[in-house]
Amino acid sequence: MTESSTNQSWGGRFNQPTDAFVQEFTASVQFDQRMYEYDIQGSVAHATMLAKVNVLTMEESTAIIDGLEKVRQEIEAGKFEWLIALEDVHMNIERRLTDMIGDVGKKLHTGRSRNDQVATDIRLYLRDQIDAIQLELERLIRALIDLAEKEADTVMPGFTHLQTAQPVTFGHHMLAWVEMLFRDRERLTDCRKRVNVMPLGAAALAGTSFPIDRNLTAELLSFEGIAENSLDAVSDRDFAIEFNAASALIMTHLSRCSEELVLWCSQQFSFVAIGDAFCTGSSIMPQKKNPDVPELLRGKTGRVNGNLIALLTLMKGQPLAYNKDNQEDKEPLFDSIDTIRGSLKVFADMVPEITVNSDNMREAASKGFATATDLADYLVRKGIAFRDAHEVVGKTVATAEQQGKDIAELSLQELQSFSSVIEEDVYEVLTLEGALAARDHIGGTAPRQVRAAAKRARLRL
Ligand code: ARG
C-alpha cells in the first residue's frame, strides 16, 4: 500500500492534507478489504436501482456495473492496489472504478453514503459467514451422532462434582454435547434474521432526497427486510453483538467438550485416545502425546469472549447516528468468525479420530459405587421411604468400601443385614447394565433410549 495526499472523496473543504500518521491510524482498508465482494454486490444492486428510478441513465448504470465487474476481477487476480490514503474498501473500489470508466463512476455514490454502505457490507458478509458456520456446526453434530450410535452400549461413569455418580453410556454423553450444539445452531438461525435486514437507503443518517426504491435494492440483494428507521440503520450493530454472543456460547461449548477430552485422554482416566494427527509431541519428553487441539480450542474461547466485550463496550454510550467508533466493529467480528470457523472445522475433523477405551471406562464405572442409587430405588420399590433407603445404602457403601469391594460383590446375607427386604433379585439392579437399562425413558441413558435419541437427532439435522 502506498500513500497519497488529501483524500479526494471528501477533500473539498480541506486546505491541508491529512497528517500521514492520522491517515494510517484512521484507515480501515487493511482489514475491511475482505468485504470487497459484498461491497461490489451492494454497489451493483444500488446502480441497478438508480437506473430503474431514472436517477441514472441505463448507459450510466451499465457502465458502472461492467466497471465493477472488472474491479472484482482485478481484486481476485491479486492485481488490485489497495491504498491506505483511500481509507477503506468502499473508497478504494470507487476510485478504481472511476479510474477505469471515467467520471461516470463518480455517479455511483448518488443517494447513498458510506454509512449505509458499510452497514450493508457487514450484513451481507456476515450472512454468508453464518451459513458457512452452520455447515461446519452440522458436520460436527453429525460426527457426534455417529459416535453416539457406535457407543450406545458403552458404559462409563457419569459424574457430578467430577466424582463417580451413576453409570451412563458414552453415547449418552456424546448426545449431551449434541444438544448444546443444536441450541447453538438455533441461536445462529435466529441471529441471521436480524442480520438479514437492509440498511441501504438510510444514506448518511436521514435518508436521501432521490426517489430511491429500497424494496427493489433489498430484493436484488436477497434481504428479508429493510431497516425501518434511517438513524437506526446506520448506527445499529446489535446484530454483530448478537452474533458474537452466539459465538461465545459455541466456544464455551467446544471448550467444555475439549476439557473433557483432555481429562479423558490423560493417563489417570485413559477413557479415550485422540488420533495422532490431532496431537503433538514434546521436544524434551519422548513419551508425550499431548492433546493440543482440544487445549487450544479451550484457550481460543478467551479471545471470542473478549471480542464480545469489545463490541458491547464499543456501542455503549454511542449517540445516534453513525460514529467513527463503529469502524472498530470489524476486527473483533472478523476474529470471532475466523476463530469459530477454524474451531468447528478442527473439532469436526477430530471427532471421527477419537477411539474409546471401553474396558477402562467400565472398570472406572464399577469402582465408584455407581449403582448405589439403584439400590436405594430398589428399596423404595420394596416399600421403604426414599430418605430411609438413602441411609441404608450409605451404610452399605461404607461397609463395602472398608472391605475394598463394590456393593454388587457383597453376599446376599451381608446385604440383608442392612435391610430385610433385600432379596436375590437385587443383583439385577446392582449391575452396570441393569442400572443403565433401568433409565428407560426419553432423555434417559438406557442404550435403547440413546439409540432412539440419536435417530431423532439425525432427523433434526
Ligand atoms: N470505514 C468506515 C467504517 O468502517 C466506513 C464508514 C465511514 N463513514 C464516515 N462517515 N466516515 O465504519
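Atoms within a ligand are numbered from 1 in the order they appear, just like the ligands themselves. The structure displayed is predicted, hence computed values, not measured ones.
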Any nitrogen or oxygen of [X], side chain or backbone, less than 3.5 Å from one on ligand 1?
{"X": "His90", "value": "no"}
{"X": "Ser28", "value": "yes"}
{"X": "Asn115", "value": "yes"}

I need the nearest protein heavy-atom contact for [atom]: residue, atom name and distance, please.
{"atom": "atom 3 (C) of ligand 1", "result": "Tyr322 OH, 3.3 Å"}
{"atom": "atom 11 (N) of ligand 1", "result": "Arg114 NH2, 3.6 Å"}
{"atom": "atom 2 (C) of ligand 1", "result": "Gln327 OE1, 3.3 Å"}
{"atom": "atom 5 (C) of ligand 1", "result": "Asp88 OD2, 3.5 Å"}

Next item on the list: Check His90, Glu94, His109, Arg112 against Ser43 for a side-chain hydrogen bond (donor to acceptor under 3.5 Å, both in side chains) and give me the one that passes.
Entry: Arg112
Next item on the list: Have a look at ligand 1 and work out which part of Lys330, if any, has a heavy atom under 4.0 Å from it: side chain, backbone, both or neither.
Entry: side chain
Check: If only atom types and distance count, is the side chain of Asp292 paired as donor or acceptor with the main-chain N or O of Thr280 below 3.5 Å?
Finding: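 No, Asp292 side chain to Thr280 backbone: no donor-acceptor pair under 3.5 Å.
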Is it true that the side chains of [X] and [Y] contain a donor and an acceptor less than 3.5 Å apart?
{"X": "Gln41", "Y": "Glu37", "value": "yes"}
{"X": "Gln327", "Y": "Asp88", "value": "no"}
{"X": "Asn244", "Y": "Ser336", "value": "yes"}
{"X": "Arg34", "Y": "Tyr125", "value": "yes"}

